[in-house]
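In what follows, a single structure is set out as structure tokens and then discussed.
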Amino acid sequence: QVQVVESGGGLVQPGGSLTLSCAASGSMFSTNAMGWYRQAPGKKRELVAAITGGGTAHYEDFVKGRFTISRDNAKTTGYLQMNNLKPEDTAVYYCNVAPVITSTQSSDYGSWGQGTQVTVAS
């Protein structure tokens with residue numbers, strides 16, 4: 001089973017940038033899709049972006065044009081480049097690796113990391 005560890009979160013001012021990483025172990029990474037989700041305090045977890053094993057990306061409307069999802073199958077690592085960050089982007093960001101990524105991913109489906117905190121504040 002794939003195990004994943006997120007990193008790269010932190011405190012950034014509005015308009016700033018961060019790059020999150022999702023380091024995966026296991027040989028199944030390249031054949032699985034990967035998704036980035038986030039959960040803000042008091043809110044449900046929501047899908048941010050997803051990418052197939054072959055590199056086809058999907059973005060939720062609220063991050064289109066600002067975030068870029070990518071992956072390096074040779075390094076078994078995924079990334080989320082976040083630009084022009086807004087206070088409403090503040091959340092814990094989670095990586096999920098699974099055969100299919102959906103907007104309502106079950107906590108029991110695929111491999112989840114522990115999350116990385118992103119805080120956007122001046």
Side-chain angles (χ1 to χ4, degrees):
Q1 184 176 354
V2 176
Q3 294 183 326
V4 298
V5 177
E6 304 97 335
S7 62
L11 172 64
V12 64
Q13 292 184 342
S17 299
L18 282 174
T19 299
L20 306 183
S21 297
C22 173
S25 64
S27 60
M28 300 300 292
F29 177 79
S30 63
T31 60
N32 277 266
M34 182 190 74
W36 284 98
Y37 295 78
R38 69 186 186 186
Q39 187 167 18
K43 295 187 177 181
K44 293 182 178 180
R45 184 176 61 204
E46 60 183 358
L47 176 66
V48 174
I51 187 168
T52 66
T56 301
H58 161 80
Y59 299 94
E60 295 296 299
D61 287 344
F62 53 81
V63 301
K64 280 183 179 177
R66 299 190 299 126
F67 291 11
T68 302
I69 190 171
S70 62
R71 63 190 296 160
D72 186 334
N73 288 336
K75 295 182 178 179
T76 64
T77 301
Y79 306 95
L80 185 68
Q81 171 69 42
M82 306 185 293
N83 297 325
N84 191 21
L85 282 161
K86 304 175 180 180
E88 51 264 43
D89 294 319
T90 295
V92 178
Y93 283 71
Y94 298 91
C95 170
N96 176 260
V97 175
V100 179
I101 298 295
T102 68
S103 60
T104 57
Q105 202 82 324
S106 168
S107 295
D108 295 330
Y109 185 65
S111 301
W112 291 93
Q114 81 291 346
T116 185
Q117 176 71 48
V118 172
T119 302
V120 185
S122 55

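- Cation-pi check for Arg71 over Phe29 is met; the charged atom lies under 6.0 angstrom from the ring centroid and within 45 degrees of its normal.
- In terms of modelled atom types and a separation under 3.5 Å, the side chain of Thr119 and the main chain of Thr90 share no donor-acceptor contact.
- Paired with Tyr93 under the rule side-chain contact (heavy atoms from CB on, under 4.5 Å), one option of Met82, Gln117, Gln39 passes, and it is Met82.
- Under the 30°/60° scheme for interplanar angles, the aromatic rings of Tyr37 and Trp112 are found to be tilted.
- In this structure, Glu46 and Phe62 have side chains that are in contact, with non-hydrogen atoms separated by less than 4.5 Å.
- When atom types are taken as modelled, the side chain of Ser21 and the backbone of Ala23 share no donor-acceptor pair closer than 3.5 angstrom.
- Gly110 and Ala98 make their closest contact through CA-CB, 3.8 Å (heavy atoms, listed as atom of the first residue, atom of the second, distance).
- Put simply, the side chain of Thr116 does not reach to within 4.5 Å of the side chain of Ser7, judged on heavy atoms.
- Looking only at distances, a side-chain donor or acceptor of Glu6 sits under 3.5 Å from a matching main-chain atom of Gly115.
- Side chains of Thr19 and Gln81: a donor on one and an acceptor on the other come within 3.5 Å.
- Closest approach of Arg66 and Asp89 over heavy atoms only: NH1-OD2, 2.7 Å.
- Side-chain atoms of Ile101 and His58, non-hydrogen and from C-beta on, never get closer than 4.5 Å to each other.
- When side chains are defined from C-beta on, Ser107 counts as touching Arg45, because their heavy atoms get closer than 4.5 Å.
- Leu20 pairs with exactly one of Trp36, Phe67, Tyr79 by the side-chain contact (heavy atoms from CB on, under 4.5 Å) rule, that one being Trp36.
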